[in-house]
Amino acid sequence: MAGRANFNPAPNVTISDDVIAAIEQAVIDRQPTVEVDGNIYHIARRGKINQIMGVRPIALASKLILDAFESDANTFLNSVDFIYTAEKALLNNEDTFEIDGKSYRIESSDQSAVIYQDKSDGEEVPFASVSNLIMRAASPDVFLTVDFKQTFTEAVMNGESTFLANDANGVETEYTIRRGYESYTILADTVSQLIDTYAAPSKEHLLGTDANGMDVLTRLMFGGRISLMVGFIVVILELLIGVTIGGISGFFGGTIDTLLMRFVDLFNAIPFWPIVIISGAVMDTLEVKPIQRIFTLMAVLGVLGWTGIARVVRGQILSLREQDFMIATEATGIPIARRIFRHLVPNVMPLLIVQATLALGGIIITEATLSFLGLGLKYPFASWGSIINAATNLHVMMNYWFIWVPAGILILLTVLGFNFVGDGLRDAFDPKMKR
């Protein structure tokens, strides 16, 4: 601008008469800035020429911290328009201000202020608090209420080291203030439930507790259920495979018998313990889920353990098929499947019962051994073997006998019991024992 009347606007810039009049008056009054219709213009004097520059707001710097009473109002509360209008009203000691057609009232105190919002029904509700303390929650999903912040602010101003406030659940909690260099850390004392590990036998826990604070008697009951389930399912699987292959091999003989026996020899050549241990290690590497691990273990034990039953069934059927009653069944035209499973297998049943009961005890011991080595069942499931696994810790073995001794006794009694039951059933079913 040259003189007081000649304006040379920049390209694509239009200056209204009101702006020109205001700038002329500001030059006369020697004012560095002028505001017209909310726009700010800066006047830079360069000798006899005044340069007019429009001021565009880029950012808002404020020492005041606004905290919403409700988390939904955070976005609007932190907008530039609201902060600028509210702080301007505070600096000018105004009691009210208006933005976006809504009225707000300011209630100030020595250290802070509260902004109230007028609702459409005339009700006035607290909208935000104003302070000079920045408070950030340790977790983004935690909303610090205004009451909590005000209580903390009062405690800091009064030089207190603790204060009481309600937590997210509405429970009054004591908080500790740790003072740092121009910063404060708020600590909450929370109650933790201690785990009663390796507790001695008592009325509450008849056999004490283990390393995880779990009742040993309860673990033994659940562990027995899994150990017996593994034993029965594996025995049934072995019987199904062994009786089928042994029965077909013994009845038909010849080439079929030779092929099936070589198939049995192939399985016998597979080293049982290395394969089982490798299977457990592979499941550990693949992080197989505990429930899937149980069924995988049963399948491996069943597939590797049927060869003994197949050989016993084959040998018995080879001797029985030449007897007179089998010649009679062939002469009468009874189907082959009926001859095998109706006349031959029942005569092998006493021996199968003994084999099954002996195998049941062996499977329970096998599963217990694998679990003891850490290759069987995994936490949180329990078996008698996994419970005995605690004895691998020398300190536990020497000082906490109630952790592993009961499981060992249960395995011993169970295996002996099945052996006695097998002997009794053999005496009951074997016709020769009744003579």
**Message:** Please determine whether side chain to side chain contact (heavy atoms under 4.5 Å, CB included) holds for the pair E238 and I363, giving the CA-CA distance in whole Å, both sets of side-chain angles, and the decisive distance to 0.1 Å.
**Reply:** CA-CA 11 Å; E238 289 180 355; I363 291 165; 3.9 Å; yes
**Prompt:** Yes or no on side chain to side chain contact (heavy atoms under 4.5 Å, CB included) for I106 and D95, after CA distance, side-chain angles and deciding distance?
**Reply:** CA-CA 5 Å; I106 302 174; D95 295 333; 5.6 Å; no
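Between the S386 side chain and the A382 main chain, no donor and acceptor come within less than 3.5 Å of each other. Judged purely by atom type and a 3.5 angstrom limit, N92 has no side-chain atom pairing as donor or acceptor with the backbone of E94. The closest donor-acceptor contact from the side chain of T209 to the backbone of Y198 lies under 3.5 Å. Using modelled atom types, one side-chain atom of T285 and one backbone atom of A281 make a donor-acceptor pair closer than 3.5 Å. Between the side chain of S249 and the main chain of G246, no donor-acceptor pair closer than 3.5 Å is present.
In this structure, F251 has no ring-ring contact (aromatic ring centres under 6.0 Å, His included) partners at least two apart in sequence or on a different chain.
Using a cut-off of 4.0 Å between Lys/Arg side-chain N and Asp/Glu carboxylate O, D257 and R314 are scored as salt-bridged.
Other residues, nucleotides and ligands contribute only 12 or fewer heavy atoms inside 6.0 Å of the CZ atom of F222.
Screening residues 259-283 for side-chain hydrogen bond (donor to acceptor under 3.5 Å, both in side chains) gives R262-D265, D265-R311, N268-T307 as the qualifying pairs, with residues at least two apart or on separate chains.
Contact check for M397 versus L394: side-chain heavy atoms found under the 4.5 Å cut-off. In this structure, the side chains of F252 and L260 stay at 4.5 Å or more apart for every pair of heavy atoms. No side-chain heavy atom of T162 sits under 4.5 Å from any side-chain heavy atom of I177. The shortest side-chain heavy-atom distance between V313 and L352 falls under the 4.5 Å cut-off.
Taking the six-membered ring where the residue is Trp, Y104 and F97 present parallel rings, their angle staying beneath 30° rather than reaching 60°.
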